[in-house]
Every structure is written in structure tokens, then in C-alpha cells.
2 protein chains.
Amino acid sequence: MTAAPPEPDFDRARCSVAGTLAVVGEKWSLLVLREAFLGVRRFADLQRALGAPKAVLTDRLNRLVAEGLLVRVPYRAPGERERHEYRLTDRGRDLHPALVALMQWGDRWLAGDGAPPLALTHRDCGAPVALGLRCAAGHDVGGPREVTATPTGRPAETPDTPAG
Amino acid sequence: MTAAPPEPDFDRARCSVAGTLAVVGEKWSLLVLREAFLGVRRFADLQRALGAPKAVLTDRLNRLVAEGLLVRVPYRAPGERERHEYRLTDRGRDLHPALVALMQWGDRWLAGDGAPPLALTHRDCGAPVALGLRCAAGHDVGGPREVTATPTGRPAETPDTPAG
DNA sequence: CACCATGGTTCGTCAAGTGAACCCAGGGTG
DNA sequence: CACCCTGGGTTCACTTGACGAACCATGGTG
């Protein structure tokens, strides 16, 4: 049942990336969510789309439901027995930027020459969408070097400016 | 040596998320990169910060170097022998948004009450930074439902609007 | 009633992650 | 010169996780 999620052996204290990966960092989890964003809701469809072993898929779905990223919703198609499907919750939907970020990286660095396999456009205006960092003052943030990371409650030591 | 990276068993065709995860989806990879963004460059420091087994860390570093996300740079501290450190490349640095996205999710959904462990601010103005989707026409995109995903080269079928 | 599809579970095998122990190069200390 | 320390690993025994094929239960169809 995957009732009690295991203690994450990542250190959650240092930064939330570890915590998030403790929830969705297992193999297939993020891909299950990707399919959910694409509208795939049923076990068999997920299994076909992903090619993941059924046992693993079962486990990941249970885990994602237990973590509140998906809900299992019963439904009945006309002339079929009751089944259930998996739907994103707000908590799950909020991972959208992370998936888009991973997708953008792949589009940029793995596609090679051709067009990316999936194009995202704004529903309202049709223009392509992209993820970007912006500060509360409205400035676009160019890259990691323009970002200062400060451990909470302490003054900034030597926070960033990584590979010079 | 991890010379030839294994064939990713994810389907890269459907969407780049799979491809990206084939590169950085193994356990610890993204956390290694997180530390790199925080300025940690040396093997022992990474090991201390992450608590990952040395063998795994060795493997992940080799893999990330082989994939071109990190470079191994020799250096010599005064009165010590030559060592080498791992630095982000452009390819690696471009994963910054993905890590920020994962971090933001954790800050939002895992922190509970308190402040997030790490605060990101704009170096130039000090304002907190956040990731957001915007379209090329300049509109802020509110969420996944405002995004249409289109497989390349085909017309949009029933692309999005996931969990109604 | 036999058959089929969905949505799983079980099982044997194989790959991956884990922690402890060990190793090697080079430098510093007595 | 013998000895120890530190960084950056490698090796090994063990546990956990992923894999794929087989099996099963429910309920509708011919």
C-alpha cells in the first residue's frame, strides 16, 4: 500500500530540492506526472505511453496519490464497469513549471537539430511559452549568477557566482 | 569508468522530459548540480554536503562530466598537491531553472509553516526571485491549463486542460 | 457461458544504491 | 627517513529497487 512514505535520506534542511526529489525523484514519477499534464488518466494508457513495468507504475501511482499529487477518481463509461482514473490535484499541478523546465533543457540540449517533440503555446494568444526567472521588482533575471542564495536566518556568506 | 552512457530506456520521442531525466534523473545527480550552483566544487565537500556514498558520487560526477554538464578542472592550493574540482558548464548551468522550480515546489508544499531553507534574491536589486511561465507576446501564463501542448508537425488534437 | 479488457498482484532475476574497508599520491612533522 | 594526514577515489558484500512475464479478479459482450 505504500502507506507510510519512507524517511527521505536526502537532507531536507539544506534546500527544498531534496525534499521535492524525495517525493517525485523516483524513476517514472515525473514521467507519470508529465502524462497527467498531457491528459492521460487511466492506468492502461499510462502504461502504454510510458512503457514502465506495471508493478512500478502501480507503486508510483499509489505513492503520488499518498503524497496528494494525484487523486484516484472513480468513473463509469457507458456500458462498462466502474473504473478509476488518476487526476492531478493542485499540489500536483504546481509541479508544472518543473516539468516545463526539464523539457526546455531537453529541447535545448538534446534535440540536436530538429524541432522539439512538443511545443507549448499560450492558449489565449498562440505564442510560444517559456519559463523565466523574474524578481519581485519585475526584472528579468538572466541566469544563476544574478541570483543570490541565502540560507534562511543567516546573513549571505559567499552565496553564488559558481563556475567563474 | 562509465565511458559509454547507457541507452535511455525512456522514450525520448514523446517529450524532452524523458531525455533530460535520462541525463540527470538518477539518484543524486540533481543534488550534485544543486551543490554546484551553491558553489561546492570539490569531491570531499560534495560528499559531506550530500551524504551520498562515495562510489555513487564518483559515478554521478563521471556521468555529469561525460554528459558535459560539469568539467573537471585541475587546481593547486598553496602547499598542497594538484587536485581537481568540478565546475558547471553552460550546459549544466542551464539546468538552473529546473532546480529552482523543484525548490519552489518544495518551499510551497513541504516547508509546512516556517520559512524556506534557502531564499533566492536578485543580485542587482535584492528582491526575491520566482520562476514563471510567460509567452512570447509577454503575457504571464497562469498555469498548465493556459498552455497548449502540440506534438511537433501535427495539428493540436485535444492537447491539454487536464484535471477538470 | 466462454471471452475479453482493465487494473492490478506475484514472482524470479538482474541492476542500482549503500556503507565499510581499503588504497594511493603527495605533503607535512619529528 | 619513517610516519601520519587528507583528498579522491576503488572494491566488496549486502540490501533495495526495477524489470518482464505470468497470473488473477471484476464486469460487460457475443
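What's counted below: heavy atoms across the whole structure, side chains too, no hydrogens, waters or symmetry copies. First the proteins, then the strands, lettered A, B, ... as listed; each starts at 1.
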Between [X] and [N], is there a side-chain N or O to OP1/OP2 distance below 4.0 Å?
{"X": "B:Tyr86", "N": "D:dG7", "result": "no"}
{"X": "B:Arg72", "N": "D:dG9", "result": "yes"}
{"X": "A:Lys27", "N": "D:dC19", "result": "yes"}
{"X": "A:Trp28", "N": "D:dG17", "result": "no"}
{"X": "B:His84", "N": "D:dG7", "result": "no"}

* **Nearest-0.5 Å distance, OH of residue B:Tyr75 to CZ of residue B:Arg83** => 6.5 Å
* How would you label the contact of A:Arg60 with the nucleic acid (heavy atoms, under 4.0 Å): base, sugar-phosphate, or nothing? -> sugar-phosphate
* **Contacts of A:Asp94 that satisfy salt bridge (charged side-chain N to carboxylate O under 4.0 Å, His left out) - sequence neighbours left out** =>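 So A:Asp94 forms a salt bridge (charged side-chain N to carboxylate O under 4.0 Å, His left out) with B:Arg108.
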Send over the distance from [X] [atom1] to [N] [atom2], rounded to a whole Å.
{"X": "B:Leu46", "N": "D:dG7", "atom1": "CG", "atom2": "P", "value": "13 Å"}
{"X": "B:Leu50", "N": "C:dT18", "atom1": "CG", "atom2": "P", "value": "11 Å"}
{"X": "A:Arg48", "N": "D:dG20", "atom1": "CZ", "atom2": "P", "value": "17 Å"}
{"X": "A:Glu26", "N": "C:dA15", "atom1": "CD", "atom2": "C1'", "value": "16 Å"}
{"X": "A:Asp59", "N": "D:dC19", "atom1": "CG", "atom2": "P", "value": "12 Å"}
{"X": "B:Leu57", "N": "D:dG9", "atom1": "CG", "atom2": "C1'", "value": "10 Å"}
{"X": "B:Leu61", "N": "D:dG9", "atom1": "CG", "atom2": "P", "value": "8 Å"}
{"X": "B:Arg63", "N": "C:dG17", "atom1": "CZ", "atom2": "C1'", "value": "15 Å"}

* Which atom pair, heavy atoms only, marks the closest approach of A:His139 to B:Cys125? ->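 Heavy atoms of A:His139 and B:Cys125 come nearest at ND1-SG, 3.5 Å.
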Considering only side-chain heavy atoms of [X], which listed nucleotide, [options], is closest?
{"X": "B:Pro53", "options": "D:dC19, C:dG8, C:dG19", "answer": "C:dG19"}
{"X": "B:Phe43", "options": "D:dA18, C:dG7, D:dG9", "answer": "D:dG9"}
{"X": "B:Thr58", "options": "D:dG9, D:dA18, C:dT9", "answer": "D:dG9"}

* Asked: Is there a side-chain contact between B:Leu133 and A:Leu120 (heavy atoms, below 4.5 Å)?
  -> no
* Structure fact -> Comparing B:Ala55 with B:Ala44, nearest DNA chain D nucleotide closer to 5' gives the residue B:Ala44
* To do: Let me know, please, whether B:Glu85 or A:Lys54 comes out on the 5' side of the other along DNA chain D by nearest nucleotide.
  => B:Glu85
Grab the N/O contacts between the protein and nucleotides 26-30 of chain D below 3.5 Å, and write none if there aren't any.
from	atom 1	to	atom 2	distance (Å)
D:dT26	O2	A:Arg81	NE	3.4
D:dT26	O2	A:Arg81	NH1	2.7
D:dT26	O2	A:Arg81	NH2	3.1
D:dG28	OP1	A:Arg76	NH1	3.4
D:dG28	O3'	A:Gly79	O	2.8

* Asked: So, for A:His96 and A:Phe37, is the gap between ring centers shorter than 6.0 Å?
  -> yes
* Indicate yes or no: does B:Arg87 engage B:Glu85 in a salt bridge with an N to O separation below 4.0 Å. =>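 B:Glu85 and B:Arg87: salt-bridged.
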* Asked: Do the side chain of A:Thr148 and the main chain of B:His122 share a donor and acceptor less than 3.5 angstrom apart?
  -> no
* May I ask you to list the residues sharing a hydrophobic cluster with B:Val71, side-chain cutoff 4.5 Å, ordered by chain and number? =>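 Hydrophobic cluster check, B:Val71: joined to B:Val73.
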